[in-house]
Undergrad: 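Have a look at the structure that comes next, please.
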Amino acid sequence: MTEQAVRLEAIGYNPEWSAFFARAEVVDGQERLVYPVLFRAPLTAEFARVTHGLMEHARYLHRSGRSDLRLRRATVRPVPPIAA
């Protein structure tokens with residue numbers, strides 16, 4: 001089993017849900033997928049706890065395949081040299 005790298009983008013807080021939300025990019029080999037994630041916690045929660053919860057939710061969605069919504073990002077391919 002390989003380890004997936006997770007990067008969080010645009011962390012926000014929704015007081016109606018009492019939850020933090022973010023976009024989480026999971027890099028698994030050459031594949032880059034972005035999931036919307038949610039972590040219920042009060043606004044005064046420690047940042048390390050919030051980021052850990054959001055990252056674990058992203059890993060769970062990636063492993064389970066149960067996400068209704070995900071974005072597949074294109075991998076950066078090197079530009080071929082110009083033939084003279």
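Treat the numbers as computed from the prediction; the structure is a model and nothing was measured.
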Undergrad: In terms of hydrophobic clusters joined by side-chain contacts under 4.5 Å, are Leu43 and Leu8 together?
TA: yes
Undergrad: List the atom of Pro36, the atom of Leu61, and the distance in Å for their closest heavy-atom pair.
TA: O-CD1, 3.8 Å
Undergrad: Is there a path of hydrophobic side-chain contacts, each under 4.5 Å between heavy atoms, that joins Tyr60 and Met55?
TA: yes
Undergrad: Go through the steps to decide whether Phe20 and Tyr13 satisfy the test ring pair (Phe, Tyr, Trp, His ring centres under 6.0 Å), and finish with yes or no.
TA: CA-CA 4 Å; Phe20 289 88; Tyr13 186 77; 4.7 Å; yes
Undergrad: For residues Tyr35 and His62, determine if any side-chain heavy atom of one lies less than 4.5 Å from a side-chain heavy atom of the other.
TA: yes
Undergrad: Would you check if the side chain of His57 reaches a backbone N or O of Val37 as a donor-acceptor pair within less than 3.5 Å?
TA: no
Undergrad: Can you tell me how far the CG atom of Leu54 sits from the CZ atom of Arg49, to the nearest 0.5 Å?
TA: 11.0 Å
Undergrad: Set out, in order, the CA-CA distance, both residues' side-chain angles and the distance that settles side-chain contact (heavy atoms from CB on, under 4.5 Å) for Glu31 and Leu33, then state yes or no.
TA: CA-CA 6 Å; Glu31 194 172 41; Leu33 299 166; 3.9 Å; yes
Undergrad: So do the side chains of Val26 and Arg32 get within less than 4.5 Å of each other, counting heavy atoms only?
TA: no
Undergrad: Any carboxylate oxygen within less than 4.0 angstrom of a Lys/Arg side-chain nitrogen, looking at Arg7 and Glu9?
TA: yes
Undergrad: Ring-plane angle category for Phe21 and Trp17, please: parallel below 30°, perpendicular beyond 60°, tilted otherwise.
TA: perpendicular
Undergrad: Work out which heavy atom in Ala10 is nearest to a heavy atom in Arg23; give both atom names and the distance.
TA: CB-NH2, 3.7 Å
